[in-house]
**Student:** 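A single structure is presented below for examination.
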2 protein chains.
Amino acid sequence: MSDQANLRVQRLRDAGYKLTNARLTILTILEQHGGHMTSADVLEEVDAVAPEIGRASVFRSLDLFTRLSLIRPTYINDSSTPTYVLLPGGHHHHIICTNCDRVIEFEDCHLEKLEHELEQKFRVRLTGHLLEFYGLCDNCAARQPD
Amino acid sequence: MSDQANLRVQRLRDAGYKLTNARLTILTILEQHGGHMTSADVLEEVDAVAPEIGRASVFRSLDLFTRLSLIRPTYINDSSTPTYVLLPGGHHHHIICTNCDRVIEFEDCHLEKLEHELEQKFRVRLTGHLLEFYGLCDNCAARQPD
DNA sequence: TCCCTGGTGAGACATGATCTCAATTGCGGT
DNA sequence: ACCGCAATTGAGATCATGTCTCACCAGGGA
Ligand SMILES: [Zn+2]
Ligand SMILES: [Zn+2]
Ligand SMILES: [Zn+2]
Ligand SMILES: [Zn+2]
(Lines give C-alpha, C1' and ligand atoms only; values in the text may rest on other atoms or scores of the structure.)
(Ligands and ions follow the chains in the order given, each with its own letter.)
Protein backbone atom coordinates (compact mmCIF):
# COMPACT_ATOMS: atom_id res chain seq x y z
CA MET A 1 0.00 0.00 0.00
CA SER A 2 1.35 3.43 -0.96
CA ASP A 3 2.06 6.20 1.52
CA GLN A 4 -0.87 8.16 0.15
CA ALA A 5 -3.12 5.17 0.65
CA ASN A 6 -1.95 4.81 4.23
CA LEU A 7 -2.70 8.45 4.86
CA ARG A 8 -6.23 7.99 3.64
CA VAL A 9 -6.80 4.90 5.73
CA GLN A 10 -5.50 6.86 8.69
CA ARG A 11 -7.96 9.65 8.01
CA LEU A 12 -10.82 7.15 8.02
CA ARG A 13 -9.78 5.72 11.38
CA ASP A 14 -9.11 9.12 12.94
CA ALA A 15 -12.63 10.16 12.08
CA GLY A 16 -13.92 7.13 13.94
CA TYR A 17 -14.95 4.94 11.03
CA LYS A 18 -14.14 1.28 10.73
CA LEU A 19 -11.86 0.06 7.99
CA THR A 20 -14.18 -2.52 6.49
CA ASN A 21 -13.49 -4.75 3.55
CA ALA A 22 -15.90 -2.80 1.34
CA ARG A 23 -14.28 0.53 2.17
CA LEU A 24 -10.75 -0.72 1.69
CA THR A 25 -11.61 -2.36 -1.61
CA ILE A 26 -13.22 0.77 -2.99
CA LEU A 27 -10.44 3.01 -1.76
CA THR A 28 -7.89 0.71 -3.36
CA ILE A 29 -9.72 0.78 -6.66
CA LEU A 30 -9.73 4.57 -6.61
CA GLU A 31 -6.02 4.62 -5.81
CA GLN A 32 -5.16 2.24 -8.60
CA HIS A 33 -7.00 4.31 -11.16
CA GLY A 34 -5.49 7.54 -9.94
CA GLY A 35 -8.89 9.19 -9.68
CA HIS A 36 -11.18 10.44 -12.40
CA MET A 37 -13.68 7.60 -12.19
CA THR A 38 -17.43 7.91 -12.49
CA SER A 39 -19.63 6.02 -10.08
CA ALA A 40 -20.38 3.64 -12.94
CA ASP A 41 -16.65 2.98 -13.37
CA VAL A 42 -16.29 2.21 -9.69
CA LEU A 43 -19.35 -0.03 -9.67
CA GLU A 44 -18.06 -1.97 -12.64
CA GLU A 45 -14.63 -2.44 -11.13
CA VAL A 46 -16.06 -3.46 -7.76
CA ASP A 47 -18.22 -6.00 -9.51
CA ALA A 48 -15.18 -7.43 -11.27
CA VAL A 49 -12.96 -7.54 -8.20
CA ALA A 50 -15.32 -8.19 -5.32
CA PRO A 51 -18.82 -8.99 -6.54
CA GLU A 52 -20.03 -9.67 -3.02
CA ILE A 53 -19.95 -5.94 -2.31
CA GLY A 54 -23.35 -4.36 -2.90
CA ARG A 55 -24.04 -1.21 -4.86
CA ALA A 56 -25.41 0.57 -1.81
CA SER A 57 -22.07 0.18 -0.08
CA VAL A 58 -20.28 1.65 -3.04
CA PHE A 59 -22.39 4.79 -2.92
CA ARG A 60 -22.17 4.94 0.86
CA SER A 61 -18.41 4.71 0.68
CA LEU A 62 -18.12 7.35 -2.01
CA ASP A 63 -20.25 9.68 0.10
CA LEU A 64 -18.15 8.99 3.16
CA PHE A 65 -14.87 9.55 1.34
CA THR A 66 -16.28 12.79 0.02
CA ARG A 67 -17.18 13.99 3.51
CA LEU A 68 -13.64 13.16 4.57
CA SER A 69 -12.20 15.14 1.64
CA LEU A 70 -10.46 12.04 0.30
CA ILE A 71 -12.24 12.40 -3.00
CA ARG A 72 -14.49 14.94 -4.62
CA PRO A 73 -17.24 14.52 -7.18
CA THR A 74 -17.16 16.86 -10.14
CA TYR A 75 -19.10 17.11 -13.37
CA ILE A 76 -16.72 16.71 -16.25
CA ASN A 77 -18.78 16.29 -19.37
CA ASP A 78 -22.51 16.72 -19.36
CA SER A 79 -24.44 17.07 -16.18
CA SER A 80 -25.54 13.53 -15.52
CA THR A 81 -23.12 11.52 -13.41
CA PRO A 82 -20.31 12.87 -11.30
CA THR A 83 -16.70 11.92 -11.81
CA TYR A 84 -14.76 11.38 -8.61
CA VAL A 85 -11.24 12.73 -8.34
CA LEU A 86 -8.73 11.84 -5.67
CA LEU A 87 -7.48 14.72 -3.57
CA PRO A 88 -3.91 13.71 -2.71
CA GLY A 89 -2.69 16.16 -0.12
CA GLY A 90 -6.19 17.61 -0.06
CA HIS A 91 -6.26 19.24 -3.45
CA HIS A 92 -6.67 18.63 -7.14
CA HIS A 93 -6.59 20.90 -10.19
CA HIS A 94 -7.48 20.45 -13.80
CA ILE A 95 -8.50 22.13 -17.00
CA ILE A 96 -11.61 20.85 -18.77
CA CYS A 97 -12.15 21.42 -22.47
CA THR A 98 -15.79 22.42 -22.83
CA ASN A 99 -15.78 21.21 -26.41
CA CYS A 100 -14.22 17.74 -26.31
CA ASP A 101 -14.25 17.02 -22.55
CA ARG A 102 -10.53 16.43 -22.48
CA VAL A 103 -9.06 16.85 -19.00
CA ILE A 104 -5.61 18.30 -18.38
CA GLU A 105 -4.32 18.01 -14.84
CA PHE A 106 -1.79 20.38 -13.34
CA GLU A 107 -0.04 20.55 -10.00
CA ASP A 108 0.82 24.02 -8.76
CA CYS A 109 -1.99 26.14 -7.44
CA HIS A 110 -0.32 28.59 -5.04
CA LEU A 111 -3.48 28.68 -2.97
CA GLU A 112 -1.96 28.18 0.49
CA LYS A 113 -2.08 31.88 1.23
CA LEU A 114 -5.67 32.27 0.12
CA GLU A 115 -6.61 29.19 2.12
CA HIS A 116 -5.16 30.77 5.24
CA GLU A 117 -6.90 34.07 4.65
CA LEU A 118 -10.22 32.32 4.23
CA GLU A 119 -9.78 30.26 7.38
CA GLN A 120 -9.23 33.42 9.37
CA LYS A 121 -11.88 35.50 7.71
CA PHE A 122 -14.69 32.94 7.95
CA ARG A 123 -13.38 30.94 10.95
CA VAL A 124 -13.62 27.72 8.98
CA ARG A 125 -11.32 24.71 9.07
CA LEU A 126 -10.39 23.81 5.49
CA THR A 127 -9.32 20.33 4.50
CA GLY A 128 -9.11 20.50 0.75
CA HIS A 129 -9.94 22.25 -2.47
CA LEU A 130 -10.68 21.68 -6.12
CA LEU A 131 -9.74 24.14 -8.82
CA GLU A 132 -11.20 23.75 -12.29
CA PHE A 133 -10.45 25.91 -15.27
CA TYR A 134 -12.48 25.49 -18.41
CA GLY A 135 -12.07 26.59 -21.96
CA LEU A 136 -10.79 25.12 -25.18
CA CYS A 137 -7.85 22.75 -25.37
CA ASP A 138 -5.13 23.41 -27.96
CA ASN A 139 -6.82 21.14 -30.46
CA CYS A 140 -10.26 22.66 -30.16
CA ALA A 141 -8.92 26.21 -29.94
CA ALA A 142 -7.13 25.75 -33.28
CA ARG A 143 -10.32 24.52 -34.86
CA GLN A 144 -12.37 27.43 -33.59
CA PRO A 145 -10.40 30.60 -34.18
CA ASP A 146 -11.71 33.72 -32.40
CA MET B 1 -32.36 42.92 -18.77
CA SER B 2 -29.09 43.41 -16.85
CA ASP B 3 -25.73 43.98 -18.49
CA GLN B 4 -24.61 40.55 -17.33
CA ALA B 5 -27.67 39.02 -18.92
CA ASN B 6 -26.98 40.82 -22.19
CA LEU B 7 -23.44 39.54 -22.15
CA ARG B 8 -24.66 36.00 -21.79
CA VAL B 9 -27.19 36.35 -24.59
CA GLN B 10 -24.40 37.75 -26.73
CA ARG B 11 -22.26 34.75 -25.96
CA LEU B 12 -25.04 32.46 -27.10
CA ARG B 13 -25.41 34.27 -30.40
CA ASP B 14 -21.70 34.55 -31.03
CA ALA B 15 -21.40 30.81 -30.69
CA GLY B 16 -24.03 30.43 -33.39
CA TYR B 17 -26.98 29.32 -31.30
CA LYS B 18 -30.48 30.68 -31.66
CA LEU B 19 -32.01 32.73 -28.91
CA THR B 20 -35.18 30.74 -28.41
CA ASN B 21 -37.91 31.36 -25.91
CA ALA B 22 -36.95 28.32 -23.88
CA ARG B 23 -33.32 29.38 -23.64
CA LEU B 24 -34.12 32.95 -22.75
CA THR B 25 -36.61 31.90 -20.10
CA ILE B 26 -34.20 29.50 -18.46
CA LEU B 27 -31.35 31.96 -18.57
CA THR B 28 -33.56 34.62 -17.00
CA ILE B 29 -34.56 32.26 -14.21
CA LEU B 30 -30.92 31.54 -13.46
CA GLU B 31 -30.14 35.25 -13.44
CA GLN B 32 -32.98 36.07 -11.08
CA HIS B 33 -31.89 33.45 -8.61
CA GLY B 34 -28.27 34.50 -8.74
CA GLY B 35 -27.07 30.94 -9.26
CA HIS B 36 -26.93 27.93 -6.94
CA MET B 37 -29.97 26.15 -8.31
CA THR B 38 -30.34 22.42 -8.76
CA SER B 39 -31.87 21.10 -11.94
CA ALA B 40 -34.98 20.36 -9.86
CA ASP B 41 -35.15 24.01 -8.80
CA VAL B 42 -34.92 25.14 -12.40
CA LEU B 43 -37.51 22.62 -13.54
CA GLU B 44 -39.91 23.75 -10.84
CA GLU B 45 -39.48 27.41 -11.66
CA VAL B 46 -39.85 26.79 -15.38
CA ASP B 47 -43.04 24.91 -14.71
CA ALA B 48 -44.39 27.84 -12.71
CA VAL B 49 -43.40 30.51 -15.20
CA ALA B 50 -43.67 28.82 -18.59
CA PRO B 51 -45.26 25.37 -18.28
CA GLU B 52 -45.20 24.89 -22.03
CA ILE B 53 -41.43 24.39 -21.90
CA GLY B 54 -40.57 20.70 -21.69
CA ARG B 55 -38.18 18.94 -19.37
CA ALA B 56 -35.87 17.93 -22.16
CA SER B 57 -35.35 21.53 -23.18
CA VAL B 58 -34.40 22.48 -19.67
CA PHE B 59 -31.69 19.85 -19.57
CA ARG B 60 -30.56 20.67 -23.08
CA SER B 61 -30.27 24.34 -22.19
CA LEU B 62 -28.36 23.67 -18.99
CA ASP B 63 -25.92 21.52 -20.95
CA LEU B 64 -25.53 24.20 -23.58
CA PHE B 65 -24.96 26.96 -21.04
CA THR B 66 -22.38 24.77 -19.40
CA ARG B 67 -20.52 24.29 -22.67
CA LEU B 68 -20.57 28.05 -23.11
CA SER B 69 -19.16 28.59 -19.61
CA LEU B 70 -22.20 30.60 -18.58
CA ILE B 71 -22.91 28.23 -15.72
CA ARG B 72 -21.19 25.28 -14.13
CA PRO B 73 -22.63 22.22 -12.41
CA THR B 74 -21.15 21.35 -9.06
CA TYR B 75 -21.86 18.83 -6.35
CA ILE B 76 -22.93 20.64 -3.22
CA ASN B 77 -24.82 18.32 -0.92
CA ASP B 78 -24.88 14.56 -1.04
CA SER B 79 -27.82 14.49 -3.39
CA SER B 80 -27.11 13.04 -6.76
CA THR B 81 -28.23 16.09 -8.70
CA PRO B 82 -25.88 18.88 -9.63
CA THR B 83 -26.26 22.42 -8.44
CA TYR B 84 -25.63 25.00 -11.15
CA VAL B 85 -23.76 28.17 -10.33
CA LEU B 86 -23.63 31.26 -12.49
CA LEU B 87 -20.20 32.37 -13.56
CA PRO B 88 -20.38 36.15 -13.72
CA GLY B 89 -17.17 37.33 -15.31
CA GLY B 90 -16.26 33.70 -15.88
CA HIS B 91 -15.56 32.62 -12.34
CA HIS B 92 -17.11 31.58 -9.07
CA HIS B 93 -15.68 30.59 -5.69
CA HIS B 94 -17.11 29.07 -2.57
CA ILE B 95 -16.45 27.08 0.54
CA ILE B 96 -18.57 23.99 1.20
CA CYS B 97 -18.99 22.60 4.69
CA THR B 98 -18.63 18.85 4.35
CA ASN B 99 -20.67 18.35 7.50
CA CYS B 100 -23.75 20.55 7.08
CA ASP B 101 -23.52 21.46 3.38
CA ARG B 102 -23.52 25.16 4.11
CA VAL B 103 -22.06 27.19 1.23
CA ILE B 104 -20.02 30.33 1.78
CA GLU B 105 -19.24 32.37 -1.31
CA PHE B 106 -16.25 34.63 -1.63
CA GLU B 107 -15.03 36.98 -4.32
CA ASP B 108 -11.29 37.36 -4.57
CA CYS B 109 -9.32 34.52 -6.06
CA HIS B 110 -6.12 36.12 -7.40
CA LEU B 111 -5.98 33.53 -10.13
CA GLU B 112 -5.39 35.79 -13.13
CA LYS B 113 -1.68 35.10 -13.09
CA LEU B 114 -2.08 31.34 -12.85
CA GLU B 115 -4.69 31.46 -15.62
CA HIS B 116 -2.19 33.18 -17.89
CA GLU B 117 0.58 30.76 -17.07
CA LEU B 118 -1.68 27.83 -17.85
CA GLU B 119 -2.81 29.30 -21.15
CA GLN B 120 0.79 29.60 -22.26
CA LYS B 121 1.99 26.31 -20.90
CA PHE B 122 -0.80 24.19 -22.35
CA ARG B 123 -1.79 26.43 -25.28
CA VAL B 124 -5.40 26.45 -24.15
CA ARG B 125 -7.92 29.27 -24.29
CA LEU B 126 -9.53 29.60 -20.87
CA THR B 127 -12.95 31.12 -20.39
CA GLY B 128 -13.65 30.56 -16.74
CA HIS B 129 -12.94 28.72 -13.54
CA LEU B 130 -14.51 27.36 -10.40
CA LEU B 131 -12.70 27.19 -7.09
CA GLU B 132 -14.13 25.16 -4.23
CA PHE B 133 -12.69 24.76 -0.75
CA TYR B 134 -13.95 22.02 1.56
CA GLY B 135 -13.89 21.79 5.30
CA LEU B 136 -15.92 22.61 8.36
CA CYS B 137 -17.80 25.88 8.79
CA ASP B 138 -17.42 27.82 12.04
CA ASN B 139 -20.43 26.11 13.54
CA CYS B 140 -19.39 22.58 12.72
CA ALA B 141 -15.74 23.21 13.57
CA ALA B 142 -16.74 24.33 17.07
CA ARG B 143 -18.76 21.17 17.56
CA GLN B 144 -15.95 18.90 16.46
CA PRO B 145 -12.79 20.02 18.21
CA ASP B 146 -9.66 18.04 17.38
C1' DT C 1 -21.33 -14.73 26.98
C1' DC C 2 -24.61 -11.25 25.62
C1' DC C 3 -25.76 -6.82 24.18
C1' DC C 4 -25.23 -2.90 21.28
C1' DT C 5 -23.69 -0.28 17.58
C1' DG C 6 -22.02 0.46 13.09
C1' DG C 7 -21.81 -1.57 8.90
C1' DT C 8 -23.54 -4.63 5.14
C1' DG C 9 -25.99 -6.94 0.79
C1' DA C 10 -30.13 -7.71 -1.79
C1' DG C 11 -33.54 -5.96 -4.13
C1' DA C 12 -37.53 -3.02 -4.50
C1' DC C 13 -38.18 1.63 -5.30
C1' DA C 14 -38.14 6.62 -6.56
C1' DT C 15 -36.13 10.22 -9.18
C1' DG C 16 -33.45 12.06 -12.61
C1' DA C 17 -32.06 12.39 -17.22
C1' DT C 18 -32.24 10.76 -22.20
C1' DC C 19 -34.34 9.41 -26.51
C1' DT C 20 -37.45 9.55 -30.33
C1' DC C 21 -39.91 11.91 -33.56
C1' DA C 22 -43.27 14.85 -35.51
C1' DA C 23 -44.26 19.71 -35.17
C1' DT C 24 -42.61 24.32 -34.70
C1' DT C 25 -39.64 28.32 -34.79
C1' DG C 26 -35.82 31.58 -35.35
C1' DC C 27 -33.25 33.72 -38.61
C1' DG C 28 -30.58 34.47 -42.83
C1' DG C 29 -31.37 35.19 -47.53
C1' DT C 30 -34.44 37.23 -51.10
C1' DA D 1 -42.29 41.22 -45.50
C1' DC D 2 -41.86 36.71 -47.01
C1' DC D 3 -39.78 32.13 -47.63
C1' DG D 4 -37.30 28.03 -46.70
C1' DC D 5 -34.85 25.24 -43.98
C1' DA D 6 -31.97 23.66 -40.38
C1' DA D 7 -32.08 24.14 -35.59
C1' DT D 8 -34.85 23.49 -31.85
C1' DT D 9 -38.67 22.02 -29.40
C1' DG D 10 -42.39 19.29 -26.37
C1' DA D 11 -44.59 14.99 -24.99
C1' DG D 12 -44.09 10.80 -23.22
C1' DA D 13 -41.85 6.45 -23.18
C1' DT D 14 -37.84 4.70 -21.61
C1' DC D 15 -33.62 4.12 -19.41
C1' DA D 16 -30.21 5.03 -15.77
C1' DT D 17 -28.82 6.36 -11.35
C1' DG D 18 -28.92 6.61 -6.66
C1' DT D 19 -31.84 5.64 -2.22
C1' DC D 20 -34.33 2.99 1.15
C1' DT D 21 -35.63 -0.81 3.90
C1' DC D 22 -34.57 -4.44 6.52
C1' DA D 23 -32.75 -8.63 8.19
C1' DC D 24 -28.30 -9.96 9.24
C1' DC D 25 -23.38 -9.84 10.71
C1' DA D 26 -18.93 -8.52 12.96
C1' DG D 27 -16.57 -6.59 16.74
C1' DG D 28 -15.92 -4.27 21.16
C1' DG D 29 -17.19 -3.58 25.88
C1' DA D 30 -19.70 -5.03 30.17
ZN1 LIG E 1 -10.90 20.09 -26.71
ZN1 LIG F 1 -4.21 23.22 -4.78
ZN1 LIG G 1 -21.09 23.19 8.75
ZN1 LIG H 1 -11.76 33.52 -9.77
Side-chain angles (χ1 to χ4, degrees), chain A residues 9 11-30 37-68 70-84 101, chain B residues 8-29 37-68 70-84 99 101:
Chain A
V9 167
R11 199 118 158 218
L12 242 190
R13 293 212 141 107
D14 289 350
Y17 295 97
K18 294 180 185 173
L19 179 61
T20 65
N21 178 52
R23 288 172 181 166
L24 182 56
T25 301
I26 294 162
L27 200 45
T28 303
I29 286 173
L30 288 167
M37 299 181 83
T38 64
S39 45
D41 293 336
V42 179
L43 282 169
E44 191 181 348
E45 189 65 16
V46 164
D47 209 49
V49 168
E52 74 277 7
I53 295 175
R55 51 192 289 101
S57 285
V58 173
F59 285 104
R60 282 187 288 235
S61 294
L62 291 174
D63 282 354
L64 176 61
F65 297 164
T66 298
R67 261 180 287 125
L68 295 175
L70 300 181
I71 59 177
R72 186 71 204 175
T74 175
Y75 294 97
I76 297 287
N77 31 29
D78 45 20
S79 49
S80 51
T81 63
T83 295
Y84 292 87
D101 294 335
Chain B
R8 293 185 229 273
V9 166
Q10 196 54 42
R11 199 119 157 219
L12 242 190
R13 292 210 137 109
D14 289 351
Y17 295 98
K18 295 180 183 175
L19 179 61
T20 65
N21 179 52
R23 287 173 181 165
L24 183 56
T25 301
I26 293 162
L27 200 45
T28 303
I29 286 173
M37 299 182 82
T38 63
S39 45
D41 293 336
V42 178
L43 283 169
E44 191 181 346
E45 188 66 15
V46 164
D47 209 49
V49 168
E52 74 277 9
I53 295 176
R55 268 185 274 295
S57 285
V58 173
F59 286 104
R60 282 186 289 234
S61 294
L62 291 174
D63 282 355
L64 176 61
F65 297 163
T66 299
R67 261 181 286 128
L68 294 175
L70 301 182
I71 59 177
R72 190 74 206 172
T74 175
Y75 180 107
I76 298 287
N77 43 34
D78 55 359
S79 98
S80 60
T81 63
T83 295
Y84 292 87
N99 187 55
D101 295 333

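These numbers were taken from a predicted model, which means no experiment stands behind them. The chains referred to below are lettered A, B, ... by the order of the sequence lines, with proteins before strands, and numbering in each begins at 1.
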**Student:** Base, backbone or nothing for each nucleotide of nucleotides 4-17 of chain D, written B, S, -, heavy atoms under 4.0 angstrom, 5' to 3'?
**Tutor:** --BBSBBB-----S

**Student:** Check whether any side-chain nitrogen or oxygen of B:R13 sits under 4.0 Å from OP1 or OP2 of C:dC27, and answer yes or no.
**Tutor:**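 Yes, because at least one side-chain N or O of B:R13 sits under 4.0 Å from OP1 or OP2 of C:dC27.
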
**Student:** Tell me, yes or no, whether the heavy-atom count around B:R55 atom CZ, taken from other residues, nucleotides or ligands under 6.0 Å, exceeds 12.
**Tutor:**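 No, CZ of B:R55 has 12 or fewer neighbouring heavy atoms, counting only those of other groups under 6.0 Å.
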
**Student:** Which label fits B:Y75 and A:Y84: parallel for a plane angle under 30°, tilted from 30 to 60°, or perpendicular past 60°?
**Tutor:**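 Aromatic pair B:Y75/A:Y84 classed perpendicular.
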
**Student:** Compare all side-chain heavy atoms of A:T66 with those of A:P73 and state whether any distance is below 4.5 angstrom.
**Tutor:**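 With C-beta onward as the side chain, the pair touches.
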
**Student:** What is the distance from CG of B:L12 to P of C:dG26, rounded to the nearest Å?
**Tutor:**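 B:L12 atom CG is separated from C:dG26 atom P by 14 Å.
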
**Student:** Rounded to whole Å, please give me the gap between CG in B:D47 and P in C:dT15.
**Tutor:**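 Spelled out: CG on B:D47 to P on C:dT15 is 16 Å.
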
**Student:** Mark yes when over 12 heavy atoms from residues, nucleotides or ligands other than B:E52 sit less than 6.0 Å from its CD; otherwise mark no.
**Tutor:**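 It does: B:E52 CD has more than 12 such atoms within range.
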
**Student:** Is there a side chain to side chain contact (heavy atoms under 4.5 Å, CB included) between A:T83 and A:D41? Walk through the geometry before answering.
**Tutor:** CA-CA 9 Å; A:T83 295; A:D41 293 336; over 6 Å; no

**Student:** To the nearest Å, how far apart are A:L27 CG and C:dG7 P?
**Tutor:**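 Roughly 15 Å, once rounded to whole Å.
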
**Student:** How many whole angstroms separate atom CD of B:E44 from atom C1' of C:dG16?
**Tutor:**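 One finds 15 Å between C1' of C:dG16 and CD of B:E44, rounded.
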
**Student:** Please name the pair of heavy atoms, one in A:K18 and one in A:L12, separated by the smallest distance, quoted to 0.1 Å.
**Tutor:**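 What the structure gives for the nearest pair is O-CD1, 4.4 Å.
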
**Student:** Between atom CG in B:D41 and atom C1' in C:dA17, what is the gap in whole Å?
**Tutor:**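 Roughly 16 Å, once rounded to whole Å.
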
